[in-house]
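Here is how names work: the chains are called A, B, and so on, in the same order as the sequence lines, proteins then strands, and each is numbered from 1.
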Amino acid sequence: MEEQIKKVLLENSQELFGEQIEEKLIQFQQTRREFEGDVTLVTFPFSKILKSKPEEVAGKIGAFLKERMASVKSYNVIQGFLNIVIEDDFWINQLNGIAKESQFGYSEPNSKSLKMVEYSSPNTNKPLHLGHLRNIFLGYSVSEILKANGHKVIKTQIINDRGIHICKSMLAWERFSPVNQKGERETPQNTGIKGDKLVGKYYVEFDIHFNNEAKEIIAQWEAGRFDGFPKEVTAEYQKLEKAKAEKSDDEKAVKEINAKIKDLAKNQTTILRDAKEMLVKWEARDPQVYLLWTTMNGWVYDGFEATYQTMEVDFDKLYYESDTFILGRDVVLEGLEKGVFYRKEDGSVWIDLTADGMDEKLLLRSDGTSVYMTQDIGTAIERFRDYPDLDGIIYTVANEQDYHFKVLFLILDKLGYDWAKKCYHLSYGMVDLPTGRMKSREGTVVDADDLMAEMIGEADKMTAERGHLEGLTKEQIAELNHTIGIGGLKYYLLKIDPKKRMMFNPLESVELNGHTAPFVQYGYARIQSLLRKAKSENIALTAVTKLETEDINLIKSLSRFRNVIDEAANSYSPSLVVNYCFELTKEFNSYYQSINILKEENEALRASRLILCENIGKVIRLGMQLLGIKVPERM
RNA sequence: GGUCCCGUAGCUCAGCUGGAUAGAGCAACUGCCUUCUAAGCAGUAGGUCUCUGGUUCGAAUCCAGACGGGAUCACCA
């Protein structure tokens with residue numbers, strides 16, 4: 001509608017304004033509820049060029065539109081705002097159009113370019129936690145939104161399956177895992193512990209032994225025993241001790257020095273040396289180490305897979321760091337020849353980004369090995385090779401890595417890859433607990449599996465208390481609780497603008513009233529209940545013929561859906577979809593409370609309203625689908 | 001210290017391509033189930049949009065500065 005009005009104004013600009021006006025002067029906004037009208041034109045910009053009062057201009061435009069456009073029913077002017085009222089028939093036609101499209105609001109599938117969305121990308125030494133949940137739900141939802149917007153999408157993740165961290169778990173398992181009567185060490189099979197949790201347990205176990213050993217070393221040093229330690233280390237320690245004594249009144253400085261001493265001691269532990277040795281063996285493909293590595297990673301993948309299934313998310317393509325960590329090296333060496341990078345005397349390779357307002361960044365260590373940045377360069381290039389028609393990668397990664405991605409994209413650009421500017425860092429804020437930031441050392445990490453189980457449990461309680469469960473089997477009830485619990489969690493994490501840091505309040509997150517998934521799901525279930533009854537009463541839902549103001553207001557809301565998807569896709573922001581679903585449902589609930597639908601005596605109106613409800617339900621379902629949230633037929 | 005992000009009701013958040021009287025949810029208080037699912041609806045109360053300047057007919061929104069919070073600046077990932 002707005003487009004039509006804009007067109008008419010532009011085409012008749014000479015006649016109306018005496019000159020050709022710029023398109024951007026035509027500004028629409030939603031008509032505020034307290035005024036009559038469907039579309040509002042802001043007329044201040046015109047009054048400026050016409051040098052007359054906004055009210056006069058508004059009146060002139062209003063009269064003109066009413067005369068020229070059949071679908072303009074009337075208009076009113078309030079303080080320079082032209083509120084335009086559209087004919088009911090226009091809206092009735094809109095609804096009939098919406099009803100015909102089973103995927104209303106979505107664009108033609110695969111009508112736009114191919115995008116890759118990366119999300120999750122966990123380490124294989126720790127189970128997934130709350131931070132991953134925000135990441136995963138976001139990445140999945142953005143993928144669905146891009147698809148609905150017409151893009152072809154590849155969901156991917158890079159699995160951080162190699163490095164010192166996984167060696168730590170491996171070593172701890174080999175060394176500290178108890179042996180049962182059959183002579184086996186702990187496995188997911190013989191303990192019943194989920195694979196990722198078991199490996200995580202040994203990562204923690206490593207850390208305990210690691211810290212203890214470091215403490216013992218410090219105790220030895222403090223007692224003045226330095227036999228068996230390299231001279232440099234002894235010297236460094238003594239230097240630090242001396243510095244500490246000098247700054248004994250500066251608490252902060254002492255703390256810093258103590259941390260340095262601890263790092264120094266940690267580097268002298270045999271357990272770390274052994275883990276590093278294991279990494280060297282892994283890189284040399286030592287068969288025994290490799291077997292242990294594949295076994296333990298296998299456990300982790302089984303564990304992650306179970307978690308992803310509970311989350312109802314998936315991936316189209318996996319990248320493993322063990323395959324990609326060597327990539328990028330050659331590219332960096334090429335870049336070195338081209339002069340993009342430079343080499344320091346010790347052999348390390350760097351890029352100088354100071355001209356771009358950034359620092360110098362290391363790309364290859366002096367021993368020739370890669371760092372994270374090098375790998376990311378390689379992986380990005382690999383992906384564009386794997387998918388030649390790829391039109392950009394969206395990296396779902398927390399905002400602590402804003403700088404990293406800024407540098408990555410800049411380097412790719414400097415290397416001459418023109419697709420670099422199509423890469424986007426979907427940066428999201430940290431999830432805080434009421435007690436502050438999650439810290440693994442303080443045991444405040446919220447485990448993903450535990451949290452999901454808790455949400456489902458809470459849904460279970462509420463469903464038993466107030467659900468409409470007549471005729472549902474146990475399995476169906478379990479499915480319903482899953483839908484409500486997981487839906488609630490997704491909704492809670494997605495409703496906030498991704499860019500912003502958010503507070504996760506465990507008590508509030510299991511809440512099922514207000515701005516929550518169950519609120520929306522309940523609205524949907526109510527609609528389905530109406531439709532079931534209509535069906536059992538054999539009411540034919542053929543076409544929309546007659547509607548009243550209250551109904552038409554809802555059609556206006558429905559017709560916004562396509563724009564919401566566009567905006568959400570352009571800004572990679574599922575929260576826009578969440579808020580839309582909430583507002584639509586709220587509007588429906590209010591309508592439902594005050595209007596007769598099934599009980600409406602006028603048959604044409606009753607059928608029209610049922611079709612309206614059916615389509616509200618459809619849009620709620622399609623909207624929630626973009627968030628990865630299911631809707632129940634009854635609850 | 002440099003760079004980046006954030007600051008809106010008691011709490012959690014919308015609104016930010018400048019436009020009408022700044023909105024929701026939670027918490028508090030009042031009503032509404034013999035009537036289509038009360039996980040709901042209607043209402044009351046709650047604001048110096050951190051502060052100070054600037055641009056503008058018009059600023060929560062744009063610009064500058066201050067204050068407060070966070071992130072980041074590793075031969076870690």
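With distances taken from any side-chain atom of A:R32 to the nucleotides B:A42, B:U21, B:C36, the minimum falls on B:U21. Listed nucleotides: B:A24, B:A39, B:A77. Nearest to the side chain of A:M462: B:A39. Ranking B:C73, B:A39, B:A20 by closeness to the A:T40 side chain, first place goes to B:A20. For A:H468, whose side chain is taken as the heavy atoms from C-beta onward, the closest listed nucleotide among B:G19, B:U37, B:A77 is B:U37. Closest to the A:K533 side chain, of the nucleotides B:C36, B:A71, B:A20, is B:C36.
Under the Watson-Crick and G-U wobble criteria, each requiring two contacts below 3.5 Å, nucleotide B:C41 is paired to B:G31.
Between B:U30 and B:C16, the distance separating the two C1' atoms is 36 Å to the nearest Å. Spacing between B:C41 and B:A64 at atom P, rounded to whole Å, works out to 43 Å. As rounded to the nearest Å, B:C62 and B:G7 have P atoms that lie 10 Å from one another. Rounded to whole Å, the separation between the C1' atoms of B:C4 and B:G19 comes to 31 Å. Nucleotides B:C26 and B:U35 are separated by 30 Å at their C1' atoms, to the nearest Å. Distance check on atom P: B:A20 versus B:C11 gives 26 Å, rounded to whole Å.
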Contact pattern, 5' to 3', of nucleotides 5-17 of chain B - B, S or - by protein heavy atom under 4.0 Å: --S----SSS-B-
Contact state string [nucleotides 27-33 of chain B, B base, S sugar-phosphate only, - no protein heavy atom under 4.0 Å]: -------
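OP1 or OP2 of B:A71 has at least one side-chain nitrogen or oxygen of A:R437 nearer than 4.0 Å. OP1 or OP2 of B:A39 lies within a sub-4.0 Å distance of a side-chain N or O belonging to A:Y522. Distances shorter than 4.0 Å separate none of the side-chain N or O atoms of A:R532 from OP1 or OP2 on B:C36. The side chain of A:T516 places no N or O atom within less than 4.0 Å of a non-bridging phosphate oxygen (OP1 or OP2) of B:A39. One finds a side-chain N or O of A:N589 lying less than 4.0 angstrom from the OP1 or OP2 phosphate oxygen of B:C41.
Within the 4.5 Å cutoff, no side-chain heavy atoms of A:L507 are placed close to those of A:E511.
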CA sep, side-chain torsions, deciding dist, call: A:T463, A:M635, side chain to side chain contact (heavy atoms under 4.5 Å, CB included): CA-CA 7 Å; A:T463 300; A:M635 71 185 274; over 6 Å; no
